[in-house]
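Report on one structure; see the data block that follows.
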Amino acid sequence: MIEIQNESRRLLDTEDEDTGVRSEQDAYLDKVKNGKLFLASLAAVLGPLSFGFVLGYSSPAIPELSTITDPRLRLDDDEASWFGSIVTIGAAIGGLLGGWMVDKIGRKLSLMFCALPYIFGFTIVIAAQNVWMLYLGRVLTGLASGVTSLVVPLYISEIAHERVRGTMGSCVQLMVVTGIMGAYIAGMFLDWRWLAICCSIPPTMMMVFMCFMPETPRFLLSQGKRREAEEAVRFLRGPDAPAEWECARIEEASDNQNSNVATVVVAAIQVVFTAVAALVMDRAGRKLLLILSGVSMCLSTAAFGVYFKLSSETHGNSSGLFLVESPLAEDPAAGLSWLALASMGFFITGFSLGWGPIPWLVMSEIFPSRVKGFASSVCVLTNWGSAFIITKTFQDLMDLLTSAGTFWLFSGCCALNIVFTILFVPETKGKSLEQIQAQFKGTPE
C-alpha cells in the first residue's frame, strides 16, 4: 500500500502533499539562482542539437552523393535508402549502450564520451573513399544519437528543480528540430563534405563545455560522494541555497533502484523490433506495418489509461470499507504493475515495428524531387515540433484530464491515425520512385 501511495503521488497531482514541506521547499527555491543551471543545460542540449544535425544531414547529402562523379561514392537508390536509415540501427544500439554508461561512469562523462562517435563518425564521412565508409560514419553518428537521446533528458531532469524542469526538458525536442533545420539551411550553401564538418561542430562544443559542468547530485549521492554532491548543488543553485537540505531530500526520495533494468529492457525491445521491421518491411509492406503499429499503440495507451484509473480508484477506496478483501486490495501495486509493464512493452514493440522507422522511409519515397527538400523539412519539423508540444504540455494534460484521461486521449489519437493510414497512406512496397509519382498523379504506371 505504501508503494502505490508513493507511485500515485509521483504520477498524479500531489494535491495532498504536506503543506509544511511545500512551504519549506518554496522557501528553498526562492533562494535559488538559475544562471549556472541554465548554462549546464545549454551545454547538455548541444547533444540533441547534434542529433538533429545527424537526422538532417542525409536530406541535402543524398542528392549530391547520388550524382557525384566518383563511382566509389555514388549512391544508387538502395544505397541511398541505407545511408538515410542506417542511423536508426546505430541509435538503437546507442540506447542500449547509454543505459549501461549512465550508471557505470555517470551522466556527465557519458555526454562527453558520446561526443566522440559524433566527431569520429563525421570525420569518417568527410574522409570517405567508398560507400562502406559512408555507412560506418552514419552508424557511429547514430550510435552517438542513441546515447544522447537517453542521457541528455536524464541529465537535465536531475540537475533542474521543479520550477524549471518542464521548460528545460522540452528544450531537448526544440534543439533536435533546430539541428534538423540547421542542417537543411547549411546544406543549401555547403557541399556534403563541408556540411559534415559543420555538423561536427556542436558535439565538439558539447565535449568542451561539459568539462566545466558538474555531475548530477543524484548520481554523486548514489556513489556515496556527499561532499561532491553538495558542491554540485551549490554550483547549480547558487551560494545562498542550502545544499545540505536538497541533498538530504534526494537521499530520502531515492527509490529508483530498478531504473537500470527498465532502461535496458526498453532499449532491447527497440533494437529487436526495429531490426524486425527492417527485415520484413519489403515483404509485409509499409502500410500493413503502419496499421499494425497504430493498433498496438492504440491498445497499449488505452491499457495505460485503465492502469491509472484502477490505481487511483483502488487507492481512493483503501479505507477499510471492502466487505470482501481481494488480492488487489491487499497489494494494489503487485496486482496492477503487470498491466503497466505489459502496456509499456506492447507500445514500444508496436512503435519500433512501424511508426518509429517507416515514416522516414515513406517520406523519402512519396515526394517528387523538385519539392523533396522542402516537403521533407516540413514533415520533420512537424514531427519534432509535435513532440515538443506534447512534452511541454504533458503535465498540463495530466492536471486537466487526469492520468487516465490523458492516455485515453493519446489512444484516441492513435485510433484516428489508423483510420488516416487506411484511407490515405499509399503502399510503396516494390514500386520504383517513378511508379509512386505516377500513382499520385493518377497516370498509368
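Please read all numbers here as calculations on a predicted model, not as lab measurements.
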Over all heavy atoms of both residues, which pair between [X] and [Y] is shortest? Give the atoms and the distance, please.
X: Ser403; Y: Met398; result: OG-CE, 3.2 Å
X: Phe51; Y: Ser149; result: CE2-CB, 4.3 Å
X: Leu46; Y: Pro202; result: CB-O, 4.0 Å
X: Ala44; Y: Ile156; result: CB-CG1, 4.3 Å
X: Pro214; Y: Ala232; result: CB-CB, 4.0 Å
X: Leu195; Y: Ala186; result: CD1-CB, 3.6 Å

Using 0.5 Å steps for rounding, measure from the [atom1] atom of [X] to the [atom2] atom of [Y].
X: Phe235; Y: Leu39; atom1: CZ; atom2: CG; answer: 6.0 Å
X: Asp396; Y: Thr406; atom1: CG; atom2: OG1; answer: 10.0 Å
X: Leu154; Y: Leu111; atom1: CG; atom2: CG; answer: 9.0 Å
X: Leu288; Y: Thr421; atom1: CG; atom2: OG1; answer: 11.0 Å
X: Phe304; Y: Leu299; atom1: CZ; atom2: CG; answer: 13.5 Å
X: Leu134; Y: Ser58; atom1: CG; atom2: OG; answer: 12.0 Å

**Report entry** Charged N-O contact under 4.0 Å between Lys225 and Glu231
**Finding:** no

Query raised in the report: Is Arg107 salt-bridged to Glu158, going by a charged N under 4.0 Å from an acidic O?
Result: yes

Is there a donor-acceptor contact under 3.5 Å from the side chain of [X] to the main chain of [Y]?
X: Lys108; Y: Met213; answer: yes
X: Ser293; Y: Leu290; answer: no
X: Ser59; Y: Gly56; answer: no
X: Thr148; Y: Ala144; answer: yes
X: Glu215; Y: Leu220; answer: no
X: Arg138; Y: Ile86; answer: no
X: Ser296; Y: Phe346; answer: yes

Query raised in the report: Between Tyr57 and Phe122, what is the ring plane arrangement, given parallel below 30°, perpendicular above 60°, and tilted in between?
Result: perpendicular

Query - Ring geometry between Phe351 and Phe347 (parallel below 30°, tilted from 30 to 60°, perpendicular above 60°) - result: parallel

State, with a plain yes or no, whether a side-chain heavy atom of [X] is found less than 4.5 Å away from one of [Y].
X: Lys36; Y: Leu236; answer: no
X: Ile62; Y: Trp192; answer: no
X: Trp408; Y: Lys309; answer: yes
X: Val147; Y: Val102; answer: no
X: Val125; Y: Met133; answer: no
X: Thr141; Y: Pro117; answer: no
X: Leu49; Y: Phe53; answer: yes
X: Arg237; Y: Leu37; answer: yes

Requested in this report: Kindly determine whether Tyr135 and Glu79 satisfy side-chain contact (heavy atoms from CB on, under 4.5 Å), including the steps that lead there.
Outcome: CA-CA 9 Å; Tyr135 288 165; Glu79 290 169 337; 3.3 Å; yes

Query - Those residues that, when tested against Phe120, pass ring pair (Phe, Tyr, Trp, His ring centres under 6.0 Å) (two or more places apart) - result: none

**Report entry** Close aromatic pair by centroid cut-off 6.0 Å: Phe308 and Phe407
**Finding:** yes

**Report entry** Partners meeting side-chain hydrogen bond (donor to acceptor under 3.5 Å, both in side chains) with Glu230 (sequence neighbours left out)
**Finding:** Arg226

Query raised in the report: Step by step, would you call Val233 with Cys247 a side-chain contact (heavy atoms from CB on, under 4.5 Å)?
Result: CA-CA 8 Å; Val233 171; Cys247 288; 4.0 Å; yes

Requested in this report: For the pair Ser41 and Ile159, evaluate side-chain contact (heavy atoms from CB on, under 4.5 Å) and give the outcome as yes or no after the intermediate values.
Outcome: CA-CA 8 Å; Ser41 298; Ile159 65 172; 3.8 Å; yes

Taking only distance into account, with no hydrogens and no angle test, what donor-acceptor pairs under 3.5 Å do side-chain atoms of residues 203-211 form with protein atoms, sequence neighbours excluded?
residue: Thr204; atom: OG1; partner: Ser200; partner atom: O; Å: 2.8

